[in-house]
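Chain naming here is simple, since letters A, B, ... match the order of the sequence lines and numbering starts at 1 in each.
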Amino acid sequence: MSTDNKSLKRIIDFRHEKLDAIKNSGINPFPYSFDRTDYADDVIKSYDPDSDKKQVSIAGRIVSMRKMGKASFTHLQDESGKIQLYIKRDDVGVDVYNNLFKNLDLGDIIGVTGYVFVTRTEEISVHAEFLTILSKNLRPLPNLKEKDGVAFNEYGDKELRYRHRYLDFIANPQNKIIFEQRATIISAMRSVLDSNGFLEVETPILQQIYGGASARPFKTFHNTLDESLYLRIADELYLKKLIIGGFEKVYELAKNFRNEGMDRSHNPEYTSLEFYQAYVDVYYMMDFTEMLIKTIAQKLNVDTVEFNSFKISLSKPFEKKSMFELLNNASGKSVDTMDRLGLYEYAKELKLEIDKKMNYGQLLDAIFEHLVEPTLINPTFVYDYPKAISPLAKGKRDGNQDIVERFELFIGCTEFANAFSELNDPIDQRQRLESQAKLREIGDEEAQNVDNDFIEAMECGMPPTGGVGIGVDRIVMLLTGQNSIKDVILFPAMRTEKEK
RNA sequence: GACCCAGUAGCUCAGUCGGUAGAGCAACGGCCUUUUAAGCCGGCGGUCGCAGGUUCGAUUCCUGCCUGGGUCACCA
């Protein structure tokens with residue numbers, strides 16, 4: 001009963017034999033460095049027919065091989081791109097050609113020194129004069145055959161690409177661009193915040209009481225403390241403690257962890273940007289958020305994006321609409337005058353999945369999601385949210401008991417940001433969290449906890465504050481035109497692969 | 001969590017209206033000193049995702065499960 005893959009095992013065996021052959025000829029197949037001075041792409045771009053035979057030294061992975069007995073062509077791939085090598089026995093030496101080159105495989109990493117020339121078929125190439133191995137490949141790579149940048153056997157299986165991301169980047173180097181852009185986006189976020197006087201901070205990921213959002217957590221255990229800890233679902237409460245402590249502008253690029261469903265816009269660990277500023281309100285933050293997103297888009301030279309099959313302009317002014325204005329328009333009814341029972345009846349009329357326990361805010365939210373969200377294609381700040389679903393936001397300044405100062409930013413029918421005029425009245429805050437706790441008691445697993453530490457901090461005096469949370473992965477999706485969060489996360493969460 | 005689709009060689013795929021499978025690439029041997037999806041010749045490589053059921057016989061039909069993708073629900 002053998003579960004060996006004979007074909008694969010045989011290929012690997014041959015590679016080991018070649019590795020041994022290289023070692024036996026006195027060459028270290030895994031040396032320590034190589035004096036690389038040139039990149040493939042630069043060599044091609046800077047080629048000058050008048051200064052033929054320019055000396056270059058390049059290093060990279062062998063991605064194609066055409067052996068013709070005593071001379072061969074291969075393509076070398078480095079970070080910048082690909083370049084063809086011409087390796088002639090009489091020029092690299094009979095020993096190197098027979099003992100080293102003949103034992104090289106697709107996927108090996110080599111270093112080459114030689115001169116630039118143009119082949120008969122007019123491809124700028126490097127004529128090798130010195131060849132060395134830098135690392136041996138022992139496992140076959142995906143099929144890398146391509147012509148004019150188009151793969152013939154595309155390595156496109158998503159499961160394989162995500163599980164073996166390195167193979168994805170070797171076979172589909174263009175996919176690296178998304179992650180270069182991701183880095184640019186995050187760097188631009190930092191740059192905007194830093195230059196506006198925000199301090200970047202780091203707050204605990206392991207927390208005794210999780211809070212700051214409505215979500216189910218991951219639970220873990222600390223042996224020495226002998227207590228259960230949670231992986232944070234948000235960093236909000238800690239950042240507010242810093243505002244209380246006198247840091248007036250803070251931000252954190254935080255990995256959050258939520259024990260919920262996974263789909264094309266949710267990964268169990270994801271990156272959020274939260275920033276808080278003392279003495280401003282949610283409306284100030286609205287303008288700041290718009291500026292932040294537009295600045296990032298400009299940095300990427302993105303003006304119009306295609307997202308969720310919508311074409312969206314990011315340079316025009318973002319719209320600002322109140323939730324009720326949108327609801328009344330979409331429904332043709334006066335949703336703003338409905339009470340809880342009225343909303344309940346209307347939700348039933350719309351055939352929404354609701355249950356009798358839902359409060360005013362939850363019903364309003366359900367109706368909003370159904371009627372309005374699908375219409376929010378152009379960037380739109382939606383403000384005036386129900387208090388019942390916003391336990392950390394300050395009540396509206398006009399005295400309306402059911403509404404808080406909060407906005408969410410929607411682009412392409414997807415939520416990108418969530419912000420409040422932060423609640424800074426500790427008495428009100430305790431009541432709000434206590435009513436959340438009651439929801440937990442009747443089975444709402446996502447309702448928030450009473451965090452006495454947080455309330456105690458607020459009792460020491462918290463300035464009026466504006467706070468914003470932005471889904472970084474989603475921003476990357478938007479700006480790079482990706483429709484799956486897995487395509488903007490290097491190593492997305494996957495179920496453990498069964499033993500084969 | 002619900003529904004739909006997919007899983008065949010290392011990779012990309014075909015195929016079998018039920019009689020245990022083919023191709024290209026890769027890999028292996030041979031020829032080839034400007035090729036480029038190099039070419040030519042030769043020989044390999046698979047318990048057809050897993051487990052049951054029906055059947056004389058299952059990779060194919062049925063059921064369950066696993067993994068992934070997609071849609072929906074919840075959330076960011």
Testing Ile293(A), Asp287(A), Thr380(A) for side-chain contact (heavy atoms from CB on, under 4.5 Å) with Phe318(A), which one passes?
Ile293(A)
I need the NZ-P distance between Lys18(A) and A26(B), as an integer number of Å.
12 Å
Apply the test side chain to side chain contact (heavy atoms under 4.5 Å, CB included) to residues Leu138(A) and His16(A): give CA-CA distance (whole Å), side-chain angles for both, the deciding distance (0.1 Å), then the verdict.
CA-CA 7 Å; Leu138(A) 297 174; His16(A) 279 270; 3.8 Å; yes
Restricting both atoms to N or O, compile the protein contacts to nucleotides 2-6 of chain B shorter than 3.5 Å, with distance only.
none

Give a yes or no on whether Tyr39(A) atom OH has more than 12 heavy-atom contacts from other residues, nucleotides or ligands under 6.0 Å away.
no
Distances under 3.5 Å between nitrogen or oxygen atoms of protein and nucleotides 20-25 of chain B:
residue	atom	partner	partner atom	Å
C25(B)	O3'	Lys145(A)	NZ	2.7
C25(B)	O2'	Asn143(A)	OD1	2.9
C25(B)	O2'	Asn143(A)	ND2	2.7
C25(B)	O2	Asn143(A)	ND2	3.0

Report the residue (Gly156(A) or Asp365(A)) whose heavy-atom-nearest nucleotide on RNA chain B is the more 5′ of the two.
Gly156(A)
Under a 4.0 Å heavy-atom cut-off, which of residues 102-119 of chain A touch RNA chain B?
Leu106(A), Phe117(A), Thr119(A)
Option from Leu253(A), Asn418(A), Thr289(A), Leu409(A) for which side-chain contact (heavy atoms from CB on, under 4.5 Å) with Ile470(A) holds
Thr289(A)
Grab the CG-P distance between Leu160(A) and G7(B) for me, whole Å please.
14 Å
If a pair satisfies salt bridge (charged side-chain N to carboxylate O under 4.0 Å, His left out) and one of its residues is in residues 101-119 of chain A, list it, with sequence neighbours excluded.
Arg15(A)-Asp105(A), Lys18(A)-Asp105(A), Asp105(A)-Lys136(A), Asp108(A)-Lys136(A)
Contact class for Glu154(A) (heavy atom, under 4.0 Å): base, sugar-phosphate, or nothing?
sugar-phosphate
Tabulate protein N/O versus nucleotide N/O from nucleotides 68-71 of chain B, keeping only pairs under 3.5 Å, one per line.
residue	atom	partner	partner atom	Å
G68(B)	OP1	Arg495(A)	N	2.9
G68(B)	OP2	Arg495(A)	NE	3.4
G68(B)	O4'	Glu159(A)	OE1	3.0
G69(B)	OP1	Lys486(A)	NZ	3.4
U71(B)	OP1	Arg264(A)	NH1	2.9
U71(B)	OP2	Arg264(A)	NH1	3.0

Have a look at Arg15(A) and say if it touches a base, only the backbone sugar-phosphate, or nothing, with a 4.0 Å heavy-atom cut-off.
sugar-phosphate
For atom NE2 of His370(A) and atom C1' of C72(B), their distance in whole Å
13 Å
Please map the stems of RNA chain B, keeping only stretches of three or more Watson-Crick or G-U wobble pairs with both distances under 3.5 angstrom.
B:1-7 with B:66-72, B:10-13 with B:22-25, B:28-31 with B:39-42, B:49-53 with B:61-65
Just N and O in the side chain of Arg120(A): are any of them under 4.0 Å from OP1 or OP2 of U35(B)?
yes
Rounded to whole Å, CZ of Phe73(A) lies from P of A37(B) at a distance of 13 Å
Is the phosphate of U35(B), meaning OP1 or OP2, less than 4.0 Å from a side-chain N or O of Arg66(A)?
no
Ring stacking, Phe416(A) with base of A76(B), under 5.5 Å and under 30°?
no
Just to be sure I understand the rule, does Lys147(A) reach a base, reach only the sugar-phosphate, or reach nothing, if contact means heavy atoms closer than 4.0 Å?
sugar-phosphate
Glu146(A) atom CD is separated from A37(B) atom C1', nearest whole Å, by 9 Å
Taking atom P of U35(B) as reference, at what distance in whole Å does atom CE of Met65(A) sit?
18 Å
Between C1' on A27(B) and CD1 on Ile11(A), what's the gap in Å once rounded to a whole number?
5 Å
May I have the distance from Lys255(A) (atom NZ) to A76(B) (atom P), rounded to whole angstrom?
19 Å
